[in-house]
Every structure is written in C-alpha cells, then in structure tokens.
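Residue numbering restarts at 1 for every chain, and letters A, B, ... go by the order of the sequence lines. Note that these values count all heavy atoms, side chains included, but never hydrogens, waters or copies made by symmetry.
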Amino acid sequence: SAVISQKPSRDICQRGTSLTIQCQVDSQVTMMFWYRQQPGQSLTLIATANQGSEATYESGFVIDKFPISRPNLTFSTLTVSNMSPEDSSIYLCSVEITDYEQYFGPGTRLTVT
Amino acid sequence: AQKVTQAQTEISVVEKEDVTLDCVYETRDTTYYLFWYKQPPSGELVFLIRRNSFDEQNEISGRYSWNFQKSTSSFNFTITASQVVDSAVYFCALSDEMNSGYSTLTFGKGTMLLVSP
C-alpha cells in the first residue's frame with residue numbers, strides 16, 4: 001500500500017474564491033487520480049494526473065474549473081476555482097500502487113458558503 | 001459503459017448478526033477487477049479487496065468473505081458476526097481494462113451499514 005496525505009483536511013470557503021488541495025504520497029507513483037464525493041453520494045472521477053503531462057479530465061469536468069498540477073512523482077494539487085455551494089464535497093486523491101489497485105488519501109471536506 | 005449497482009441503500013443490523021452487501025456490475029471488458037472499499041464516518045476510503053475477472057474463488061479474511069459469481073455478474077460481501085466498528089458506507093467498484101495505460105474505477109452508490117449494540 002502507500003501512505004497518502006491531503007491538505008487541508010477540511011475548509012470552509014466563501015463563494016467565488018478558490019481552494020488548492022494538496023496530495024502527497026510516500027512513494028513514487030505514475031498515476032494520481034482526483035475524485036469528488038458530493039454529500040451522500042458516490043465517488044466521481046474528476047481527472048487523472050500523469051507526471052509531466054496535462055491531466056485527463058472526465059466528462060463534465062473542465063480544466064478551468066479544476067486545474068491540476070503534477071510537478072513530480074509524489075505530489076499533485078487540485079484547485080477548485082470560483083467556488084459555489086454546489087462544490088461542497090469531499091475531494092479525494094488516489095494513487096495506483098500496482099496495476100488495478102488504487103489507494104485513497106483521507107480526503108478534504110470542503111464547504112462553500 | 002460500465003456500471004455498478006448496489007441496490008441496498010442502508011442496512012441496519014444488531015451486533016453479532018451476519019450481513020451481506022450486494023453488488024452487481026455491468027461491463028463489456030473481458031479483463032476487469034472488482035473492489036470493495038469501506039468508508040467510515042471519518043471519510044477516508046479503506047481498501048478491502050481486489051478480485052480479478054478470471055478468479056472466481058471465494059475469499060475469506062477474518063470475518064469478511066466475498067462471493068464472486070461471473071455468471072450473475074455479482075460480487076457480494078459478507079460480514080460475519082458484525083461489530084459496531086463495522087458501521088460505515090461500503091462501496092463496490094469496477095475497473096476497466098487499462099486501455100489508456102491505467103485503470104479507472106467506477107463506483108456503486110454505496111451501502112450504509114449500521115451495526116447497533
């Protein structure tokens with residue numbers, strides 16, 4: 001497995017502002033993933049981040065709203081831009097340690113007022 | 001398109017009861033993996049098991065057991081002698097065939113398990 005940390009663990013933000021979430025893993029990994037979990041809902045993949053290339057976004061998610069950086073093999077950031085109350089969710093990063101096996105970070109609980 | 005169905009939204013049991021969480025999936029891939037994750041109230045997602053599409057052997061790990069039946073596209077999860085600490089949301093997930101060089105997960109809606117003393 002892997003030790004994955006996320007910062008911040010939770011935040012309350014004002015509408016219209018942006019928040020950057022950090023994800024750090026204790027080993028080098030090729031792929032990192034960002035998910036959103038809206039209240040009481042399942043997980044939805046936002047994008048996949050490969051080091052050294054642009055992130056690949058899933059349908060319904062765009063780079064302007066959720067820019068992602070992946071500067072090295074152990075770190076990634078997700079920014080939630082121009083936030084609205086509908087962005088209130090848990091945001092989770094995950095890494096693929098072995099083929100087909102993803103481990104998740106503890107999540108960032110975001111509340112937008 | 002891939003799909004995972006967890007028909008049970010919420011299950012309530014009393015401690016020491018056995019409980020089975022159902023998972024039915026749809027995929028056109030011949031190679032795929034199935035997963036179960038546990039999400040306690042703290043919010044983190046805990047990996048429980050991975051099963052590939054070619055291995056239909058049932059698996060047991062302590063009080064947990066999994067029944068994979070390809071014929072019915074089901075991957076059910078049983079907790080024996082449930083405990084209060086088992087209270088959580090449980091997600092079943094399906095990976096695709098890594099056509100893009102990596103796998104992506106499709107999650108079911110989750111089943112909330114409440115175990116009361």
message = Does B:Lys70, at its NZ atom, have more than 12 non-hydrogen atoms belonging to other residues, nucleotides or ligands within less than 6.0 Å?
response = yes
ask   = Is it the backbone or the side chain of B:Thr106 that comes under 4.5 Å from a heavy atom of chain A, or both, or neither?
value = neither
message = Between B:Phe107 and B:Tyr37, does the ring pair (Phe, Tyr, Trp, His ring centres under 6.0 Å) criterion hold? Intermediate values first, please.
response = CA-CA 10 Å; B:Phe107 283 84; B:Tyr37 287 89; 5.8 Å; yes
ask   = Checking heavy atoms, do the side chain of A:Leu45, its backbone, both or neither come under 4.5 Å from chain B?
value = side chain
query = When you look at NZ of B:Lys109, are more than 12 heavy atoms from neighbouring residues, nucleotides or ligands closer to it than 6.0 Å?
reply = no
inquiry  = To the nearest 0.5 Å, what is the distance between OG on B:Ser95 and CG on B:Leu105?
reply    = 6.5 Å
message = With a 4.5 angstrom heavy-atom cut-off, is it the side chain or the backbone of A:Ser94 that approaches chain B, or both, or neither?
response = neither
key: Residue, of A:Thr30, A:Ile4, A:Leu92, A:Thr48, that accumulates the most heavy atom pairs under 4.5 Å with chain B   = A:Thr48
query = With only heavy atoms counted, which part of B:Gln6 is less than 4.5 Å from chain A, the side chain, the backbone, both or neither?
reply = neither
inquiry  = Just so I understand: if I count every heavy-atom pair under 4.5 Å between each of A:Gln41, A:Gln102, A:Glu58 and chain B, which residue has the most?
reply    = A:Gln102
B:Tyr64 and B:Phe77: CA distance, side-chain angles, deciding distance, ring pair (Phe, Tyr, Trp, His ring centres under 6.0 Å) verdict = CA-CA 7 Å; B:Tyr64 296 169; B:Phe77 173 30; 5.2 Å; yes
ask   = Which bit of A:Gln6 comes within less than 4.5 Å of chain B, counting heavy atoms only: side chain, backbone, both or neither?
value = neither
task = Give a yes or no answer on whether the side chain of A:Asn50 reaches the backbone of A:Ser53 with a donor-acceptor pair at less than 3.5 Å.
result = no
